[in-house]
Number of protein chains: 2
Amino acid sequence: MTVEWKGPFAFVGLIGGRWALMLLAELTAGGRRYQDLHDGLEGISHKVLTETLRRAERDGLIRRQLDPARTGTANLYELTGLGRSLEEPLAALGRWVEANWDQVEAAQRSWDARAES
Amino acid sequence: MTVEWKGPFAFVGLIGGRWALMLLAELTAGGRRYQDLHDGLEGISHKVLTETLRRAERDGLIRRQLDPARTGTANLYELTGLGRSLEEPLAALGRWVEANWDQVEAAQRSWDARAES
DNA sequence: CTGTATCCTCTTGGATACTG
DNA sequence: CAGTATCCAAGAGGATACAG
C-alpha cells in the first residue's frame, strides 16, 4: 500500500490499511482510550494499533489528548472535524454493501461453480 | 489484504487492491480491450492486470465477452449493472477528496514539522 | 496504562518467459 | 493479441519483549 494515490483515489491512502476503517468506526461513537480501542478491535496488535493511530493522527482524521476525566496516563482519541466529514461518504459505501452484497456473493458462487468444470 | 471484511466494510474486498479503483475508472467511460487497459493503467504488469480483471469479474463488477466489433481474439471488458452502481458512492469519496485534501496535506505538513524537534 | 523496538511471516505485486 | 506460469522483492502486519 505504499502507493502514490492520486486525484480522486487519494482517500485510499487514508482508509486503505487493514484497520483504519474499523478504527474510525470505533471512534464515531465518541472518544476512546487506547485500551478500549485495543479491546474493541479484536485481534489487533499493539504495534499495528499504534501505527494506525499515528497515521490517522498525522492525516488529521483523529486527535489525541490527555483524558481530562482521568488521572494518570490515559489518553483520549477522538475524531476531528475532518475525520467526521468522512463518515457520510463512507456510510454511502456501507449502504451500497447493504443493498448489493447478496448480488456480489451470488456472482462469486456462480463463478466458483463454473470453475469446477 | 487477505481479510474477511465484514458488514459495511465488505466493499474493501472489492476495491482494496492496488489497481481495482483505477480499473473501474477506466471502464466507466465504456468497454475496453485488454491491450487498451494495459496501456491506460500505466505501470501495471500483465499478471496483475489479469488478476485484477479476474477478481472484478468474479465479484460481478465487470463482464468479459468476445468483442463483437472485431475478429480474432480481442476481448471486451465492461462494467455490469452492479459495477456501475458502485460509481456514485465512489464519486462521493472523490468529491470528499476534492473538498478536503488540502486539509489532509496541511495536517501532514504540520505533523512532519513537529516531528523534527 | 500506553506505548516503542525487534524480529519474522505472509501476501501483494513486479519481472520475465512461455502458450494458444 | 490475450493471456498463464514462475520466481522474487518489498512491505504490511503479527508476536513478543521491553520502557516510561
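First the proteins, then the strands, lettered A, B, ... as listed; each starts at 1. We use all heavy atoms of the structure for the numbers below, so side chains are in, but hydrogens, waters and symmetry mates are not.
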Looking at [options], which one has an atom nearest to any side-chain atom of [X]?
X	options	result
A:H46	C:dG3, C:dG14, D:dC1	C:dG3
A:R54	C:dT4, D:dC1, D:dA15	C:dT4
B:T50	C:dT6, D:dG3, C:dG13	D:dG3

- Take the C1' atoms of the five end pairs on each side of the helix from C:dC1-D:dG20 to C:dG20-D:dC1, get both axes, and report the angle to 10 degrees. 40°
Side chain to side chain, [X] and [Y], heavy atoms closer than 4.5 Å:
X	Y	answer
B:D59	A:Q108	yes
B:L93	A:P8	no
B:R55	A:W111	no

Does the side chain of [X] get closer than 4.0 angstrom to OP1 or OP2 of [N] through an N or O atom?
X	N	result
B:N75	D:dC1	no
A:R33	C:dT2	yes
B:Y34	D:dT4	no
A:Y77	C:dC1	no
A:R64	C:dG3	yes

Nearest whole angstrom, please: distance from the [atom2] of [N] to the [atom1] of [X].
X	N	atom1	atom2	answer
B:M22	C:dG13	CE	P	10 Å
A:L53	C:dC1	CG	C1'	14 Å
A:I44	D:dT16	CD1	C1'	16 Å
A:L21	D:dA12	CG	P	17 Å
A:H38	D:dA15	NE2	P	10 Å
B:L49	C:dA15	CG	C1'	15 Å
B:E4	D:dG13	CD	P	17 Å
A:E51	C:dC7	CD	C1'	14 Å

- Item | Carboxylate-amine/guanidinium contact A:E88 A:R95, below 4.0 Å |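 Yes, A:E88 and A:R95 are salt-bridged.
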- Item | Option from A:D36, A:I62, A:L23 for which side-chain contact (heavy atoms from CB on, under 4.5 Å) with A:Y77 holds |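 Single side-chain contact (heavy atoms from CB on, under 4.5 Å) partner of A:Y77 among A:D36, A:I62, A:L23: A:I62.
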- Query: Of B:R32, B:R84, B:Q65, which is the lone residue that meets side chain to side chain donor-acceptor pair (under 3.5 Å) with B:E78?
  - Reply: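 So the option named by the test is B:Q65.
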- Message: Could you check whether atom CD of A:E98 has more than 12 heavy atoms from other residues, nucleotides or ligands sitting under 6.0 Å from it?
- Response: no
